[in-house]
Amino acid sequence: MNRYYSILRPVSISTFPDRIHITRFRNYDYQTEVPEIQRAAWGYFETPDKLTEQECYRYDLAEGAKRLEEAED
């Protein structure tokens, strides 16, 4: 599973590519510092799909670590 953090806005419609399938997402109440990406983010989503660098740039996303299926922390 791939996790992508939304660094400029909460995760919502049109904030990620239409071609992907999101399996889980979470928005924070406010912009929160995320040690995994060493910057602040508004939320994240997880997808089995891999985004390109151009897609990450276009949608203002930071790629997190690839992870196995796991319980929400």
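- In this structure, OH in Y28 is found 10.5 Å from OG in S6, a value given to the nearest 0.5 Å.
- Counting only N and O atoms by type, the side chains of E36 and Y5 include a donor and acceptor under 3.5 Å apart.
- The shortest non-hydrogen separation linking A62 to I37 is CB-CD1, 3.9 Å.
- For R26 and Y44, the positive end is not near the middle of the six-membered ring at less than 6.0 Å and at most 45° from its axis.
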K50 vs E55, test: salt bridge (charged side-chain N to carboxylate O under 4.0 Å, His left out). Steps then yes/no.
CA-CA 10 Å; K50 179 80 170 147; E55 288 172 322; over 6 Å; no

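- In terms of heavy atoms, A40 sits closest to I7 at O-CG2, 3.7 Å.
- Judged by distance alone, with hydrogens and angles left aside, the side-chain atoms of D60 form no donor-acceptor pair with the main-chain N or O of L8 at under 3.5 Å.
- Atom CD of E53 has 12 or fewer heavy atoms from other residues, nucleotides or ligands within 6.0 Å.
- Between the side chain of T32 and the backbone N or O of Y30, at least one donor-acceptor pair lies under 3.5 Å.
- N2 contributes a side-chain N or O that, together with a main-chain N or O of D49, makes up a donor-acceptor pair within less than 3.5 Å.
- Put simply, the side chain of W42 does not reach to within 4.5 Å of the side chain of V11, judged on heavy atoms.
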Working for side chain to side chain donor-acceptor pair (under 3.5 Å), residues Y4 and E46:
CA-CA 6 Å; Y4 294 93; E46 293 181 352; over 6 Å; no

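- The two residues F45 and L51 come nearest to each other via the heavy atoms CZ-CD2, 4.4 Å.
- Rounding to the nearest 0.5 Å gives a distance of 10.5 Å between OG1 of T52 and CD of E63.
- Looking only at side-chain heavy atoms (C-beta outward), T23 and H21 come within less than 4.5 Å of each other.
- Between V34 and R39 there is no side-chain heavy-atom pair separated by less than 4.5 Å.
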